[in-house]
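This report refers to the structure that appears directly beneath it.
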Amino acid sequence: MPVTTDAAPIARRFAVPLWVGALLLILTFLVIYPLLMLFFGAISDSNPVIDGFGKFNPSLEHFLAVLGNENVRLAFFNALAACGGGTILAVVIGLAFSWIVVRTNTPFKGFIAGASMIPLFVPPLVAGVAWSILGSPKTGLLNTALKWIGIDFRFDFYSMSGLILVFGFYYAPYVYMFTASALRNMDPSLEEASEVSGASAFTTLFTVTFPLIAPAILAGSLLSFVVMLGIYGIPAALGAPANISVLTTYIFKLTAWSPPLYNTAAAVAILLMMVTAVFVWAQQRVLSGRSFATVAGKAFRPRSLNLGPWRWFTFSLALAYLFIVVVLPTIALVIAAFRRFLFFKDFDAVFDMKAYSWVHFNSIFDNPLTMTSIWNTMKVGVITAVVGGILAFAIGYTINRTQVPGRKIIDLLSTIPVAIPGLVVGVAYLWAWIGLPGGLYGTIWILALAFVARFIPDTVKALSTSFMQIHRELEEAAWICGRGLLSTIGTIMVPLARPGIVASMTLLFVLSVRELGSSLFLYTSDTTVMAVLLLDYYEGGNVGKTAAFSLVQTVILAVLLGITTWLSRGAAESSARAG
């Protein structure tokens, strides 16, 4: 940023303090104020926003009640068990995938690497609904198939093991991203030395390769655990029918009681946030560690192990995973969406075409709330992408390209939401805005602002990568030529960082379309979004309408991703020409 002098115009002299002050004010408004209101609610019998601070009577009663409540303890241990088990499974799958893709000569590795990321774009509630159709103990498609072929074993995904399996299946890509990158950057001479010493490839894998990328495994594990801890959709779809509460479902249950126990919900939300914050802190510590460095200064190529005929076995393992997490749930949703009644006398009934129709699609589109929710979702997605993208650009530029005073505080405030689950953001915004006259509660804007606050760390991180790839010489050349700050940003930074900007806004849009936890506490009948209506269909017990609406949401997400991928490619080509 150009240096101001005493001779500079007054507007320019105060530009930096105004800029920093504006960013701090916005982040305080988005992050700190809702969290403070949540904290005040947890330590009081009143809502400071509705009742005023005159009735604010600090007390630890709710925290003590929560800590002494057996149901809260059960939900806490259920959450640890489901997320812990899911994380172990995610590590096994993610680590196996990264080894297959990076270190072996398995065929079609590019396809496997790309397809393995698909589960990240599947909304958690849609995944839960699909596996409830497949793994219901009485009417599940898998059990119908097992009965048809004469096997007595039955699946029951309405159970803790079902939660663990679905968590593990869908959050393995988080581990894959960390470990694949570590394997690509690891010096293969260490493994070659092990094999020269007589160790087999299998022994080398477990005594050299995996121990050396232990920080990446741990970081991916902690991230997947934190993400699972804040998920509401999968426990709501699979845990609720078996009366298995986790912290997220228990918080929502408290607000749905009559009368709603908002103060207790706030106390449980803070407990969930503190647990999440501990694991996020641990992950940051792992990522900042230096003692596990395996990248040498000399150039090297990642080693590719020749598996011989076994390469087709590893290829079949990858296909089996993709079949389980992508193909099988999609088939289940299609069958449930088009079948009039989800009851199968035997497995042959699955192929009875007379039982299929468009009745569920007609039913959901006859409901005026369906089109309202789609329209609202699109509006919230666009507002979140535009507002969040602009704010993330301003924050990312200030943090990465300037030395202005206060940038470290801006960095800290924009990072805080990474430790706050979506459900907690929803509760905090409810506390902060529900009682303010003429406020944001009940509008599309409160949903969009909650999503911006929730996902600002992801967006800033994505944009920061783009900023670091642009050399400072380009900005300095513009300043020497007499360009001002805004002109330099508009003519140098924006064109060159355009692919990153488009990708970040796409990420914001997709995340906001998927988000359920925050929406649950902030929607009204006029601002219902697709994720909330989908949960409403599911809790209403109509599996056919739920499956049909899940397919509608999935198709909309796929189309939007296709369009934004095309836009990103165009932005990258424009940026290359500008560079």
Side-chain angles (χ1 to χ4, degrees), residues 42 62-92 123-132 134-137 140 155-172 174 221-257 260-261 264-280 282 419-427 516-518 520-521 535 538-539:
H62 295 295
F63 274 116
L64 295 176
V66 162
L67 294 175
N69 189 318
E70 187 181 345
N71 291 327
V72 174
R73 288 202 296 268
L74 183 62
F76 178 72
F77 287 114
N78 281 341
L80 291 184
C83 301
T87 300
I88 292 171
L89 182 60
V91 168
V92 172
L125 182 59
V126 172
V129 168
W131 280 97
S132 72
L134 284 166
S136 168
F155 290 102
D156 181 6
F157 274 76
Y158 294 148
S159 62
M160 179 58 74
S161 56
L163 280 176
I164 290 172
L165 282 174
V166 176
F167 270 142
F169 288 156
Y170 285 88
Y171 294 94
Y174 286 97
S221 309
L222 290 169
L223 178 63
S224 58
F225 184 88
V226 166
V227 174
M228 290 177 202
L229 208 56
I231 293 294
Y232 176 82
I234 292 174
L238 299 178
N243 204 24
I244 300 174
S245 286
V246 296
L247 286 175
T248 50
T249 53
Y250 191 76
I251 291 171
F252 184 65
K253 195 184 294 183
L254 288 171
T255 62
W257 283 353
L261 302 176
T264 311
V268 181
I270 287 179
L271 175 67
L272 174 60
M273 189 174 67
M274 290 170 64
V275 174
T276 308
V278 168
F279 284 97
V280 169
I420 309 175
L423 204 88
V424 178
V425 171
V427 179
L516 172 63
S518 306
L520 281 174
F521 297 94
L535 180 67
Y538 183 75
E539 291 184 339

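Partners of L89 according to the side chain to side chain contact (heavy atoms under 4.5 Å, CB included) rule, which considers only residues two or more places apart in sequence or in another chain, are I93, L165, F169. Legend: residues meeting side chain to side chain contact (heavy atoms under 4.5 Å, CB included) with P421, ordered by chain and number and at least two apart, are L272, T276, V424. With sequence neighbours excluded, the residues forming a side chain to side chain donor-acceptor pair (under 3.5 Å) with S159 are S161, listed by chain and number. F76 is linked by a ring pair (Phe, Tyr, Trp, His ring centres under 6.0 Å) to nothing, counting only residues two or more places apart in sequence or in another chain. A search for side chain to side chain contact (heavy atoms under 4.5 Å, CB included) contacts involving S221 returns T87, V91, I217, not counting sequence neighbours. Applying the side chain to side chain contact (heavy atoms under 4.5 Å, CB included) test to A267 and every residue at least two apart in sequence or in another chain returns A42, H62, F63, V66. Residues that satisfy the ring pair (Phe, Tyr, Trp, His ring centres under 6.0 Å) test with Y174, not counting sequence neighbours, are Y171.
Here the closest non-hydrogen pair linking M228 and A90 is CE-CB, 4.3 Å. G128 and L238 get closest at one heavy-atom pair: O-CD2, 3.6 Å. Scanning both residues, A236 and Y538, for their nearest heavy atoms gives O-CE2, 4.1 Å. The two atoms that bring L163 and P235 nearest to each other are CD2-CA, 3.7 Å, heavy atoms only. Taking all atoms of both residues into account, the shortest heavy-atom contact from L516 to G233 is CD2-CA, 4.1 Å. Between A237 and V129, the closest heavy-atom pair is CB-N, 4.0 Å.
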| message | Under the criterion side chain to side chain contact (heavy atoms under 4.5 Å, CB included), I'd like the reasoning laid out for V72 against L271: C-alpha separation, chi angles, the key distance, then a yes or no. | response | CA-CA 10 Å; V72 174; L271 175 67; 4.1 Å; yes

| request: Decide yes or no on side chain to side chain donor-acceptor pair (under 3.5 Å) for W131 and Y158, but give the supporting numbers first. | output: CA-CA 9 Å; W131 280 97; Y158 294 148; over 6 Å; no

| task | Just do the side chain to side chain contact (heavy atoms under 4.5 Å, CB included) check on I251 and V427 with the steps written out, would you? | result | CA-CA 9 Å; I251 291 171; V427 179; 4.0 Å; yes

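Residue pairs that meet the side-chain hydrogen bond (donor to acceptor under 3.5 Å, both in side chains) test with at least one member in residues 226-251, sequence neighbours left out, are S245-K253.
Atom-to-atom distance recorded for I231:CD1 and C83:SG is 9.0 Å, nearest 0.5 angstrom. Taking CG of L74 as the reference point, atom CG of L247 lies at 10.0 Å (rounded to 0.5 Å). Interatomic distance, W257 CH2 to T264 OG1, rounded to the nearest 0.5 Å: 8.5 Å.
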